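Working notes for the structure below.
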Number of protein chains: 2
Amino acid sequence: MNIGIVSERSGLTAKTIRYYEDIGLVKPLRDSNGYRAFQEKEIHKLTFLSRARALGFTIEDCRALLALYEDETRASADVKRIAKVQLAQIEEKVAALGAMHDTLSHLVKECAGDDRPDCPILEGLGKV
Amino acid sequence: MNIGIVSERSGLTAKTIRYYEDIGLVKPLRDSNGYRAFQEKEIHKLTFLSRARALGFTIEDCRALLALYEDETRASADVKRIAKVQLAQIEEKVAALGAMHDTLSHLVKECAGDDRPDCPILEGLGKV
DNA sequence: ATAGTGGTTCCAGTAAGGGGAAGGTCAAGG
DNA sequence: CCTTGACCTTCCCCTTACTGGAACCACTAT
């Protein structure tokens, strides 16, 4: 599978995919013509990367998560430990998003959608 | 209020706060000694930036959201429109995080935490 | 054969900061 | 009064995670 298809299916640009190869996140094979030859497994990894990056996980977070996916000889105790750390991070993110969601949707509700300039966004956005 | 306090309260580093001033996200006053003098309102903005950035919103997303907060002459119709776009983004993020959470917590559950190398993470992580 | 599309590498630039130097400022203690 | 230490300032370069563009090679189609 060529990089164009992979780009389409994973949601990453070809540029980004090449970059991810550079830094060792994926290691596609090569065809005799020099083209990268991706397999299904690579698509899954890249799709995951696409999502995780959009959610604010760093490349190194992603590397840790992919290592779980990758390492055939892993001990499940390690997997469990790493996964738990990431789970905690995810839960924090969900909570923060939830708070932002509440604030914004409250705002949307309160805002009559008219031309008055007194939307109550101010009180909620950055509450400590 | 000096930058150190603001850093502590907002969760951003002093460096980042100065950078945000550079790019026009905040405009603290200055004391006669040249120190930045922040007000409560600035803390709220910075706290919000801290959270939003950690969740993968771009600076430009944040700028749009802060514009709502900032613009005293805004029409609530505009506010509502922008807020709705952001709400949709947030909902997507929550859904994606939810999927990652399910996958990982499933993994944590399935993984006995022993030394067997067959953790079932593979099937879930990058499902298209 | 030639155009067009899509692949390759490489080099340079951007975004969003971080590290650290060189120096000014303030409060406390001797 | 002076110094010490913590905190502030600007400036410049470094890093991360890409993005754009040039120059060139490969496959397909007319």
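Throughout, protein chains are lettered first and strands after them, A, B, ... in sequence-line order, and every chain is numbered starting at 1. Owing to the predicted nature of the structure, the values given are computational and were not obtained by experimental measurement.
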Requested in this report: Please state how far atom CZ in B:Arg63 lies from atom C1' in C:dA15, giving the value in whole angstrom units.
Outcome: 12 Å
Query raised in the report: After noting the C-alpha distance and the side-chain angles of A:Glu21 and A:Arg18, does the key distance pass the salt bridge (Lys or Arg N to Asp or Glu O under 4.0 Å) rule?
Result: CA-CA 5 Å; A:Glu21 184 185 9; A:Arg18 293 193 192 101; over 6 Å; no
Query raised in the report: So is A:Lys93 actually on top of A:Phe57's ring, under 6.0 Å and inside 45° of the axis?
Result: yes
Report task. Please tell me if the side chains of B:Met1 and B:Glu40 come closer than 4.5 Å, counting only heavy atoms from C-beta onward. Result -> yes
Query raised in the report: Between A:Asn33 (side chain) and A:Tyr35 (backbone), is there a donor-acceptor pair under 3.5 Å?
Result: yes
Query raised in the report: Under the 3.5 angstrom rule, does the side chain of A:Ser7 hit a backbone N or O of A:Ile3 as a donor-acceptor pair?
Result: no
Report summary line: Separation between CZ (B:Arg36) and CG (B:Asp31), nearest 0.5 Å, reads 11.5 Å
Query raised in the report: Among residues 13-24 of chain B, which residues get a heavy atom nearer than 4.0 Å to DNA chain C?
Result: B:Thr13, B:Lys15, B:Thr16, B:Tyr19, B:Tyr20
Requested in this report: Output yes when a side-chain donor or acceptor of B:Asp61 lies under 3.5 Å from a complementary backbone atom of B:Thr58, and no otherwise.
Outcome: yes
Requested in this report: State the SG-CG distance between B:Cys62 and B:Leu49, to the nearest 0.5 angstrom.
Outcome: 5.0 Å
Report summary line: Distance col, row B:Glu92:CD vs B:Leu97:CG, nearest 0.5 angstrom, shows 12.0 Å
Query - Rounded distance in Å - CD1 (B:Ile5) to C1' (D:dA6) - result: 12 Å
Query raised in the report: Going by heavy atoms closer than 4.0 Å, what residues in residues 25-35 of chain B are next to DNA chain D?
Result: B:Arg30, B:Gly34, B:Tyr35
Query raised in the report: In degrees rounded to 10°, what angle is found between the helical axes fit to the five outermost pairs at each end of the helix from C:dA1-D:dT30 to C:dT14-D:dA17?
Result: 10°
Report summary line: Here the distance between atom P of D:dA17 and atom CG of A:Leu49, to the nearest Å, is 11 Å
Query raised in the report: CZ of A:Phe38 versus C1' of C:dT8: gap in Å, rounded?
Result: 12 Å
Requested in this report: May I have the distance from A:Arg53 (atom CZ) to C:dA15 (atom C1'), rounded to whole angstrom?
Outcome: 12 Å
**Report entry** A:Arg36 vs C:dT9: side-chain N/O to OP1/OP2 distance below 4.0 Å
**Finding:** yes
Query raised in the report: Any side-chain heavy atom of B:Phe48 within less than 4.5 Å of one from A:Met100?
Result: yes
Report task. For the residue pair B:Thr13 and B:Thr16, confirm or rule out a side-chain donor-acceptor distance under 3.5 Å. Result -> yes
